[in-house]
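Notes follow once the structure below has been shown.
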2 protein chains.
Amino acid sequence: MADQGSSVDRVYATLRDMAINFDFKPGERLNETALTSKLNVSRTPLREALNRLVAEGFLTLAKGQGFFCRPLSPEQILELYQLRCALETEALRHGVEVATDAEIAEFCAYLNATETTYDSCDDLTELLKMDEEFHMRLAGLSGNNELCRMLKNVNERIRYVRLVNLRQLRGMDCTEAGDNTFLSAHRAIANAVQNRDTQTALTALRAHIERRSEQTIELVRLAYSQLYVPS
Amino acid sequence: MADQGSSVDRVYATLRDMAINFDFKPGERLNETALTSKLNVSRTPLREALNRLVAEGFLTLAKGQGFFCRPLSPEQILELYQLRCALETEALRHGVEVATDAEIAEFCAYLNATETTYDSCDDLTELLKMDEEFHMRLAGLSGNNELCRMLKNVNERIRYVRLVNLRQLRGMDCTEAGDNTFLSAHRAIANAVQNRDTQTALTALRAHIERRSEQTIELVRLAYSQLYVPS
DNA sequence: GTGTTCTAAACTGTATACAGCGCTGTCGAA
DNA sequence: TTCGACAGCGCTGTATACAGTTTAGAACAC
């Protein structure tokens with residue numbers, strides 16, 4: 001993290017983080033000159049980074065009006081959840097076929113290693129990171145880099161909403177719907193993968209993902225309410 | 001098509017087409033100054049377009065060395081075929097559920113309308129475009145824009161190899177493995193969709209796509225051989 | 001003839017400058 | 001009072017200029 005290399009890369013990373021966390025509010029117009037002074041770069045590398053982010057779906061670009069933050073709508077989030085489901089299930093299919101026993105063992109070992117942290121973890125951001133890591137490793141078993149790249153992108157774009165979701169569950173303090181289910185679902189998937197039981201694993205994975213996507217509408221509403229409160 | 005708007009958009013569209021057709025050879029380094037004079041723009045909008053293309057997977061960017069054309073490898077193509085399968089099958093799942101009868105009817109009507117062109121078509125580029133259109137419309141039934149966006153991108157990135165594939169089939173003049181199978185497969189899928197028979201449709205679609213992906217290695221070899229012959 | 005080092009050209013990455021467009025806010029007229 | 005036009009400002013989009021780095025080529029040693 002010491003030297004991020006070129007300006008563009010550093011700026012790009014910063015802006016992407018900001019976009020992920022909705023530091024830019026949905027639909028908000030980005031002022032380039034303001035960002036240049038904030039990030040201490042000229043407009044040239046800034047705009048190069050912004051263009052990348054447009055291509056990745058984090059921003060939009062209106063001709064003659066500049067760059068805007070992506071909107072936040074239930075439809076969009078639902079679409080991304082479906083996309084995630086598509087990518088993960090396909091990865092699972094291939095992972096069960098091509099992954100070596102050693103690779104699967106390592107995957108399960110990771111789950112075991114993090115197991116104790118699942119409910120003892122106070123920091124929801126950390127918990128979410130663990131969950132994403134689990135799913136990325138699962139996808140990684142397929143050996144399909146393109147698939148993983150896209151999944152990473154999708155995860156980043158829905159991360160904010162998922163975080164809101166976790167906050168809500170934590171707030172309800174309802175363990176049966178909360179973290180424990182997280183863990184047990186992951187366990188079930190991992191076990192099925194270890195047994196090379198594609199169908200069981202697929203069903204469990206799909207249920208695990210789609211479960212979250214059902215409450216999208218309320219979730220986005222909740223997200224909005226949290227977006228505009230001063231932290 | 002008259003006025004492509006800003007320079008960036010025009011340059012971007014041109015460069016993307018060139019990348020799709022492998023006018024840049026795999027791994028080739030792009031000379032920016034050469035491109036500026038070729039496209040009659042300065043380096044600023046050129047680089048913005050190039051950055052977008054990097055984010056979309058058409059180019060790569062090496063620090064201090066500039067932009068390169070994406071590599072062309074069997075592994076990569078196979079990954080993209082799998083990705084395509086993931087996206088299309090998921091779209092199909094939802095399409096069968098959410099599409100109205102009218103929408104499905106229109107979809108089938110398109111297939112019927114183009115039906116006669118399938119084997120009478122000499123221009124393989126045109127044939128390929130028809131095939132892509134069919135699959136995009138099929139995916140469109142899901143109503144999932146994000147999914148369609150990604151599918152479009154994947155299709156563009158494998159288009160060259162698919163074209164080579166078609167040329168090969170045409171060369172063999174083997175109708176049983178050629179265009180007719182194309183059409184009958186599409187028919188089978190469309191029928192299953194119309195009957196809201198998800199499983200049959202899924203099986204047919206997956207087979208239709210994976211069938212092509214089996215011969216990836218020879219196909220990429222063939223692609224290379226065609227890439228460097230003067231047209 | 002082959003390998004190595006040094007020099008110069010070329011190219012990338014970034015900053016700055018400029019033109020054109022859109023937006024806003026005020027002033028005037030109905 | 002409200003609607004519309006005009007002026008001023010700000011911002012985007014593009015071109016150009018400059019510094020640092022890489023690469024290619026030539027000269028020289030082995």
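Fair warning: this is a prediction, and the values are worked out from it, not measured in the lab. The figures here come from the full heavy-atom set of this structure, side chains too, leaving out hydrogens, waters and symmetry mates.
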Can you tell me the distance, in whole Å, between the [atom1] atom of [X] and the [atom2] atom of [N]?
| X | N | atom1 | atom2 | answer |
| --- | --- | --- | --- | --- |
| R47(A) | dC11(D) | CZ | P | 14 Å |
| L46(A) | dT14(D) | CG | P | 15 Å |
| L50(B) | dT14(D) | CG | P | 14 Å |
| Y12(B) | dT14(D) | OH | P | 15 Å |
| Q65(B) | dT12(C) | CD | P | 11 Å |
| E28(B) | dC11(C) | CD | P | 14 Å |
| K63(B) | dC11(C) | NZ | P | 19 Å |
| D9(B) | dT12(D) | CG | C1' | 13 Å |

| task | Kindly state each residue pair satisfying side chain to side chain donor-acceptor pair (under 3.5 Å) with at least one member in residues 11-30 of chain B, sequence neighbours excluded. | result | Y12(B)-E56(B)
| said: Across nucleotides 15-21 of chain D, 5' to 3', mark each nucleotide with B, S or - according to how protein heavy atoms within less than 4.0 Å reach it. | reply: BB-----
| Validation row: L205(B), L138(B) side chains within 4.5 angstrom (heavy atoms) | yes
Under 4.0 Å between a Lys/Arg side-chain N and an Asp/Glu carboxylate O for [X] and [Y]?
| X | Y | result |
| --- | --- | --- |
| R52(A) | E48(A) | no |
| E146(A) | R149(A) | yes |
| D9(A) | K63(B) | no |
| R221(B) | E218(B) | no |

| query | Looking at five pairs on each end of the helix from dG1(C)-dC30(D) to dA30(C)-dT1(D), what is the angle between the two axes, given to 10 degrees? | reply | 10°
| query | Can you tell which of dT12(C), dT12(D), dT14(D) lies closest to the side chain of N31(A)? | reply | dT12(D)
| field | Nearest-nucleotide pick for S6(A), side chain only, options being dT14(C), dC11(D), dG13(D) | value | dT14(C)
| task | Look at the rings of H135(A) and H208(A) and say which category their plane angle falls in: under 30° parallel, 30 to 60° tilted, over 60° perpendicular. | result | parallel
| field | N144(A) and Q82(B) side chains, donor-acceptor separation under 3.5 Å | value | yes
| request: Let me see the working for R137(A) and E133(A) under salt bridge (charged side-chain N to carboxylate O under 4.0 Å, His left out), right down to the final yes or no. | output: CA-CA 6 Å; R137(A) 281 176 184 249; E133(A) 176 75 16; 2.8 Å; yes
| task | Describe the nucleic acid contact of L30(B) in one word from base, sugar-phosphate, nothing, applying a heavy-atom distance below 4.0 Å. | result | sugar-phosphate
| Earlier contact from the 5' end, DNA chain D, for R29(B) and E48(B) | E48(B)
